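Since we're looking at a predicted model, the values are computed, not measured. The first residue of the sequence shown is numbered 1, and numbering continues consecutively from there.
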Amino acid sequence: SPIDPNSPKGTEVKVIIDNEGRLINGTDQDQAHAIVYLSHETIYTIDRAIVGQYRTEVYLEEFPNIPFNSVLFTYASEF
């Protein structure tokens, strides 16, 4: 399941994929943006999040200036 939008700095996350390795959450645009930068095999660390009215932008320590939709991620501890 997706992460809590208020997950604190340092939370370890992974992208959510289906059984065929495809991203399953977010808009087509969110997914197209994410596949440029993210791998489903990598654990990422939350740097900060900006909670908006309709979506939360997550910034990762690995990509500190690039926002991603929070619904793309689940907690790494769930794997």
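- Side chain of H33 to main chain of I66: no donor-acceptor pair is present (N/O by atom type, distance under 3.5 Å, no hydrogens or angles).
- One finds the CG atom of L23 at 11.0 Å from the CG atom of D28 (value rounded to the nearest 0.5 Å).
- Atom OG1 in T74 sits 9.5 Å away from atom CD1 in I24 (nearest 0.5 Å).
- Sequence neighbours left out, not one pair with a member in residues 6-32 passes ring pair (Phe, Tyr, Trp, His ring centres under 6.0 Å).
- Every side chain to side chain donor-acceptor pair (under 3.5 Å) that R22 has, sequence neighbours left out, goes to D18, E20.
- Listed by chain and residue number, Y75 satisfy the side chain to side chain donor-acceptor pair (under 3.5 Å) test with S7 (two or more places apart in sequence, or in another chain).
- Shown here for S70 and I3, the closest heavy-atom pair between the two residues is O-CG1, 3.7 Å.
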In residues 47-54, what donor-acceptor pairs under 3.5 Å come from side-chain atoms, sequence neighbours left out?
unit_1, atom_1, unit_2, atom_2, d
D47, OD1, K9, NZ, 2.6
R48, NH1, P64, O, 3.1
R48, NH2, P64, O, 3.1

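- Tracing side-chain contacts under 4.5 Å through hydrophobic residues (I, L, V, M, F, W, Y), one never reaches Y59 starting from L38; they form parts of separate clusters.
- Remark: N25 pairs with P2, I16, V71 by the side-chain contact (heavy atoms from CB on, under 4.5 Å) rule, at least two apart or across chains.
- Interatomic distance, CG of N6 versus OG1 of T56, reported as 7.0 Å (0.5 Å rounding).
- Here CD1 of I43 is found 5.5 Å from CD of E12. Values are rounded to the nearest 0.5 Å.
- Between Q31 and G26, the shortest heavy-atom distance links the atoms NE2-O, 3.5 Å.
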(message) Using side-chain contact (heavy atoms from CB on, under 4.5 Å), reason through T11 and D4 one step at a time and then give a plain yes or no.
(response) CA-CA 10 Å; T11 300; D4 180 331; over 6 Å; no
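- V58 places none of its side-chain heavy atoms less than 4.5 Å from the side chain of V13.
- Among all heavy-atom pairs drawn from R55 and D30, the shortest one is NH2-OD1, 2.8 Å.
- Applying the side-chain hydrogen bond (donor to acceptor under 3.5 Å, both in side chains) rule to pairs touching residues 34-43 yields nothing, sequence neighbours excluded.
- The aromatic rings of F73 and Y44 stand perpendicular to each other, their planes meeting at an angle above 60°, with 30° marking the opposite boundary.
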